[in-house]
Amino acid sequence: MAKPDFTVKFWGARGSIPVSGPDFARYGGDSSCVEMRCGEHLLMFDAGSGLKRAGIEIEEKGLKRLDMFFSHCHWDHIFGIPFFMPFYRGSMKIRIWSGHLAGVMTTHEMISGIMKAPYFPIAPEIFIADVDYRDFKPGDVLTPHDGVTLRTGSLNHPNGAVGYRVEFQGKCACYITDTEHVPGKLDQNVLKLIDHADLVIYDAAFVEKEMQRYRGFGHSSWEEGVRLCRAAKARKLAIFHHSPLRTDSELDAIGKDAQAAFSGAFVARQGQVIEL
Ligand SMILES: [Zn+2]
Ligand SMILES: [Zn+2]
């Protein structure tokens, strides 16, 4: 029997705010949303504006179950939630997991917090799907399904964020956004999560020469992504969480530089599918 597939799809690779227009046509303008398919199991990471189109595909394919994991709940990672059509279908079973606010706010409170008057007219109680809210602590190991293991760890970001390492069938993909590095000091939490990973999706909102200006914003650079992947002996690096200012041609240039430095590096593009 053939091994079940492990695929990763980028529904949105932009950070901070969605963008549109001719300068952003190729890499896409939707904000953070990444799907991982582990055989028949569907995992979604973050609910930025990219989640809207993911919902359309889930309905077209008739999928009925989904686990959704949050890095954190800054707007660009969560505002797709009310517009995700599977929440309004009685046939869907959806589990929502978060751990960045462990002990401060539950996952249910986090979702209720964004679907609340006067910022939004309806509350999540309107969802018709079977929605199960799960809470965990950074560092916990999650097994949403037999054979699918998620290792988690804290990232360095204002208000906290969680990075994930997903293991399935001997392969491993990591979702590491949003996070800021300390110059000259590789982040041990990140190194542990990405050790020998097949794919590392990494927050590279900035390039190294911009870092000085944006210290404290909670984001990193592709150069740091390369250093981390080299140290951890990871195979592929997906440059992710693109600045809303970064045009397609600028991202092309970044991709070239990054690939020259690390042959497994590439710039994540909305709609792109990676098979592990
Ligand atoms: Zn973000
Ligand atoms: Zn953030």
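In listed order, ligands and their atoms are each counted from 1. The shown structure was predicted, so the numbers you read here are calculated from the model rather than taken from an experiment. Residue indices begin at 1 and follow the sequence shown. Just the heavy atoms: all of them, side chains too, but no hydrogens, waters or symmetry mates, feed the values below.
Among residues two or more places apart in sequence or in another chain, the side-chain contact (heavy atoms from CB on, under 4.5 Å) test is passed with F266 by F10, L199, K236, A238, Q272, I274. Shown here are the side-chain contact (heavy atoms from CB on, under 4.5 Å) partners of R213, two or more places apart in sequence or in another chain: there are none.
Heavy atoms of other residues, nucleotides or ligands lying less than 6.0 angstrom from CD1 of I17 number 12 at most.
Protein N/O/S atoms nearer than 2.8 Å to the Zn ion (ligand 1) total 4.
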Show every donor-acceptor pair shorter than 3.5 Å between a side-chain atom in residues 111-131 and any protein atom, with sequence neighbours excluded, or say none if there are none.
from	atom 1	to	atom 2	distance (Å)
S112	OG	H108	O	3.0
E125	OE2	H108	NE2	3.1
D130	OD2	K93	NZ	3.0

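Nearest to the Zn ion (ligand 2), among the N, O or S atoms that H157 has, is NE2.
Taking the charged nitrogens against the carboxylate oxygens, E210 and R246 do have a contact shorter than 4.0 Å, which makes a salt bridge.
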Begin from the C-alpha positions of H100 and H74 and carry the test ring pair (Phe, Tyr, Trp, His ring centres under 6.0 Å) through to its verdict. CA-CA 11 Å; H100 65 291; H74 285 159; 8.3 Å; no

